[in-house]
Amino acid sequence: MKLCRHLPFYVYQISNLLLTVCNVNGQLTHSHRPMSTEAIIKEEQIKLSDPTLGGTIGETMALPEADRFSADDEKFIKFHGIYQQDDRDLRKTGKKYIFMIRARITGGIVPAEQYLAFDELADRHANGTLRITSRQTFQWHGVVKSGLGPLMKGLNEALVSTIAACGDVNRNVLAPPTPSTSPLADLVQADARRVSDALLPQTQAYHEIWVNGGPLKLAPEQKLAFEDPLYGRRYLPRKFKVAFAIPPLNDTDLFANCLGFAAIADPANPARLLGYNVLCGGGLGMSHGNEATFPRAADVLGFIPADRVVETAKAVMIAFRDHGDRTNRKHARLKYVLADRGPDWFRAEVEQRAGFRLEPARPVTFTRQGDLFGWHRQSDGRWFLGLYVETGRIKDDGTRRLKSALGEVVREFRPEVRLTTSQNLLLAGVRDDQRAAINQRLAAHGVVVDRQVAAVRLNSMACVSLPTCGLALAESERVFPQLLDRLEGLFAELGLGDEEIIVRMTGCPNGCARPYMAEIGLVGRAPGKYNLHLGGGPGSTRVNRIFRESVKFDDIIAELRPLLARWKQERLPGESFGAFADRAVLPPVPDTTKSAA
């Protein structure tokens with residue numbers, strides 16, 4: 001039975017040995033890397049065994065005694081926005097299977113009614129918290145299988161989907177969340193939604209399983225014959241990430257994405273969007289001890305008019321689909337295609353698929369990243385409130401009952417909730433006469449509005465890591481607040497006051513909190529040990545470099561003390577810590593930074 005199930009896969013691979021031909025925009029193009037049956041990896045076999053991505057998910061959901069999915073279905077459910085995990089703190093007494101669910105929320109915009117539904121679902125079916133991700137969406141943690149169906153049903157009833165929030169597809173599309181940073185903000189958000197919609201997979205399995213509540217009712221031969229009109233039968237070699245930003249604020253870490261769009265305003269009319277500079281080949285995941293893997297900042301390919309953003313996004317993703325490495329998952333991201341082939345070669349591939357040439361890039365500069373906190377006026381005259389969320393976790397913790405406070409404020413005043421890529425949130429669309437009452441409601445729950453935290457915390461991020469992430473090598477979210485406390489003490493000791501530094505921590509080298517773009521990045525190496533990276537900039541346009549390997553958690557402050565002291569004494573006027581470390585602490589390297597987008 002197993003051989004029969006995979007027979008079309010082997011037939012397909014034999015044809016691949018002869019020639020891989022892809023029909024793109026009506027043109028015949030040849031893939032440069034045909035795959036052999038020996039080289040094909042298991043993830044590719046699984047996708048080809050059921051291109052609908054349905055697997056036996058629906059059948060397993062109908063079995064109340066089953067507490068987990070099969071190994072193959074564990075891969076399929078990622079395409080549905082679900083990760084199968086277990087609580088690693090409890091492994092000594094046997095695995096307790098739980099699930100993490102991630103929504104697809106383009107640009108991080110959440111209407112009030114949706115937020116209230118999310119809040120209730122977290123209490124009813126998850127662990128009572130909402131986790132803001134570094135890609136402007138929410139995650140629900142600690143969901144057991146009996147609660148998985150009701151939670152997914154509740155999300156879809158709230159008019160939000162989880163499809164393609166994970167898997168070898170285009171992930172959640174990032175866009176500037178702040179309503180006051182530029183008159184282009186609404187236009188860019190609209191383009192982000194257009195791109196997100198255009199790159200969605202078209203399988204019916206998601207709707208049948210999670211909305212209709214049953215398996216996809218197709219015969220086996222129909223499942224095997226399914227081909228997504230954009231992704232094909234194999235989908236992508238790995239995940240694909242898209243972001244938009246409006247210079248000079250790089251609040252979406254544009255250079256860390258597979259595809260980035262830097263908005264270009266008309267110099268004569270800043271409210272008019274001329275188009276975008278196109279960036280390709282950013283990505284941050286790597287593996288310890290494997291020099292063939294590395295973080296990489298994106299290259300600037302050129303400029304496009306605003307009305308060609310969807311065509312360009314499709315062309316870039318299709319070029320990745322056709323030329324990405326399907327024989328080695330560690331070499332399968334778009335960044336390696338750019339690193340191996342070069343930006344000029346890749347630009348030509350994109351232009352061939354798009355049917356037009358990219359214009360020369362327009363000169364722009366990114367000067368900073370990060371969020372605005374406290375009250376700020378919006379371009380429409382209303383107000384928004386930026387709130388710091390430690391490690392992105394919305395919860396009630398001691399005297400600071402953030403989850404209860406937000407639920408009460410959103411329920412009464414109905415602001416729009418906007419999520420940032422630094423794991424904070426904004427309450428937008430607030431009237432003048434509501435501000436004082438919102439301040440009072442928040443204060444009653446221990447949430448302050450003015451000077452919420454010290455500056456060193458404002459640009460901080462940490463991934464979830466232990467106990468739920470199966471890839472974690474060291475703690476992150478659970479110890480990060482302790483590290484920030486120590487950093488605050490060090491800043492006070494050195495007289496650095498309210499200096500801002502971008503500090504990020506992850507429990508493994510995959511880089512979910514983007515530590516490789518930080519001024520101080522900490523990457524889990526082993527239990528209690530971290531690689532210390534330095535040298536990212538406030539504009540988040542360059543990758544930092546490793547300074548020390550396997551630093552014990554309790555020794556991190558000792559490593560940083562002399563460096564921060566030197567920065568205070570030796571820095572150039574206006575020089576950030578990351579720029580100082582890149583110039584004066586780390587060994588010199590050829591200048592490969594990209595200061596313009």
Side-chain angles (χ1 to χ4, degrees), residues 368-371 373-374 388-393 397-400 422-424 446 448 450-463 465 474-507 513-525 528-540 544-587:
R368 65 180 299 270
Q369 64 88 54
D371 302 326
F373 299 93
Y388 170 76
V389 183
E390 189 170 71
T391 67
R393 183 74 65 173
D397 187 11
T399 58
R400 191 172 191 265
S422 294
Q423 301 175 323
N424 300 305
V448 298
D450 298 320
R451 186 164 174 77
Q452 297 172 24
V453 291
V456 71
R457 293 179 182 267
L458 294 179
N459 292 313
S460 65
M461 273 205 295
C463 74
S465 195
E475 294 279 2
S476 184
E477 180 181 347
R478 294 197 293 195
V479 300
F480 196 51
Q482 182 182 346
L483 176 65
L484 293 176
D485 288 343
R486 295 179 183 183
L487 271 174
E488 273 192 59
L490 180 58
F491 270 49
E493 172 192 326
L494 298 176
L496 287 170
D498 274 349
E499 297 278 2
E500 290 190 17
I501 291 184
I502 304 169
V503 184
R504 296 172 180 172
M505 172 183 273
T506 58
R514 300 192 292 276
Y516 306 109
M517 306 298 286
E519 294 179 275
I520 299 174
L522 294 152
V523 178
R525 186 67 186 253
K529 295 182 179 180
Y530 301 83
N531 285 354
L532 174 58
H533 295 248
L534 303 174
S540 204
N544 57 27
R545 291 180 280 152
I546 193 163
F547 174 70
R548 290 277 189 274
E549 293 188 1
S550 297
V551 178
K552 293 180 180 178
F553 179 80
D554 288 337
D555 293 339
I556 292 171
I557 296 301
E559 290 283 354
L560 292 175
R561 180 179 284 106
L563 304 178
L564 291 167
R566 282 187 58 194
W567 174 51
K568 181 182 178 182
Q569 297 298 324
E570 302 172 18
R571 62 183 166 179
L572 303 175
E575 188 174 37
S576 67
F577 176 72
F580 170 78
D582 188 63
R583 174 182 65 84
V585 175
L586 298 165

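Each residue takes its place number in the sequence, starting with 1.
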| Verdict with reasoning, Leu534 to Arg548, per side chain to side chain contact (heavy atoms under 4.5 Å, CB included) | CA-CA 9 Å; Leu534 303 174; Arg548 290 277 189 274; over 6 Å; no
| Between Arg514 (side chain) and Arg504 (backbone), is there a donor-acceptor pair under 3.5 Å? | no
| field | Test side chain to side chain contact (heavy atoms under 4.5 Å, CB included) applied to Leu564 and Phe491, step by step | value | CA-CA 8 Å; Leu564 291 167; Phe491 270 49; 3.9 Å; yes
| Atom CH2 in Trp567, atom CD1 in Ile501: separation rounded to 0.5 Å? | 4.0 Å
| remark: The side-chain hydrogen bond (donor to acceptor under 3.5 Å, both in side chains) partners of Arg368 (sequence neighbours excluded) come to none
| query | Are the side chain of Asn544 and the backbone N or O of Pro515 linked by a donor-acceptor pair below 3.5 Å? | reply | yes
| request: Would you confirm whether Thr391, through its side chain, and Arg478, through its main-chain N or O, come within 3.5 Å as a donor-acceptor pair? | output: no
| Could you state the interatomic distance from CZ (Phe577) to CZ (Arg566), rounded to the nearest 0.5 Å? | 9.5 Å
| Heavy-atom pair with the smallest gap, counting every atom of Tyr530 and Glu475 | OH-O, 2.6 Å
| request: Could you tell me whether Arg561 and Glu493 make a salt bridge, using a distance below 4.0 angstrom between a side-chain N and a carboxylate O? | output: yes
| Looking only at heavy atoms, which two atoms of Ser476 and Ala462 are closest? And how far apart? | OG-CB, 3.6 Å
| field | Distance, nearest 0.5 Å, that separates CD of Glu549 from CZ of Arg525 | value | 5.0 Å
| Looking only at atom types and distance, does a side-chain atom of Tyr388 sit under 3.5 Å from a main-chain N or O of Ala454, one as donor and one as acceptor? | no
| Option among Leu483, Val456, Leu496 that satisfies the side chain to side chain contact (heavy atoms under 4.5 Å, CB included) test with Glu488 | Val456
| request: Evaluate side chain to side chain contact (heavy atoms under 4.5 Å, CB included) for Gln452 paired with Asn424, printing each intermediate quantity in order. | output: CA-CA 12 Å; Gln452 297 172 24; Asn424 300 305; over 6 Å; no
| message | Within this structure, what is the CG-CG distance for the pair Asn459 and Asp371, rounded to the nearest 0.5 Å? | response | 7.5 Å
| request: Using side chain to side chain contact (heavy atoms under 4.5 Å, CB included) as the criterion, point out the one residue from Leu532, Asn531, Val523 that pairs with Ile546. | output: Asn531
| request: Answer yes or no: is there a donor N or O on one side and an acceptor on the other, between the side chain of Gln369 and the main chain of Ser540, under 3.5 Å? | output: no
| request: For residues Gly524 and Ala474, report the shortest heavy-atom separation together with the two atoms involved. | output: CA-CB, 3.9 Å
| said: Rounded to the nearest 0.5 Å, what separates atom CD in Gln423 from atom OG in Ser460? | reply: 8.0 Å
Let me check something: any side-chain donor-acceptor pairs from residues 550-557 under 3.5 Å, sequence neighbours excluded? List them with distances.
from   : atom 1 : to     : atom 2 : distance (Å)
Asp554 : OD1    : Arg486 : NH1    : 3.1
Asp554 : OD1    : Arg486 : NH2    : 3.4

| query | Tell me, do Phe580 and Glu519 make a side-chain contact under 4.5 Å, heavy atoms counted? | reply | no
| request: Could you walk me through whether Leu494 and Leu490 pass side chain to side chain contact (heavy atoms under 4.5 Å, CB included), step by step? | output: CA-CA 6 Å; Leu494 298 176; Leu490 180 58; 3.9 Å; yes
| With sequence neighbours excluded, what pairs up with Phe480 under the ring pair (Phe, Tyr, Trp, His ring centres under 6.0 Å) test? | none
| Arg583 and Glu575 ion-paired at < 4.0 Å | yes
| Approximate separation, where rounding is to 0.5 Å, of Ser465 OG and Glu477 CD | 9.0 Å
| task | Kindly give the heavy-atom pair with the smallest separation between Cys463 and Gly507, and that separation in Å. | result | SG-N, 3.2 Å
| Is there a side-chain contact between Ile520 and Ile502 (heavy atoms, below 4.5 Å)? | no
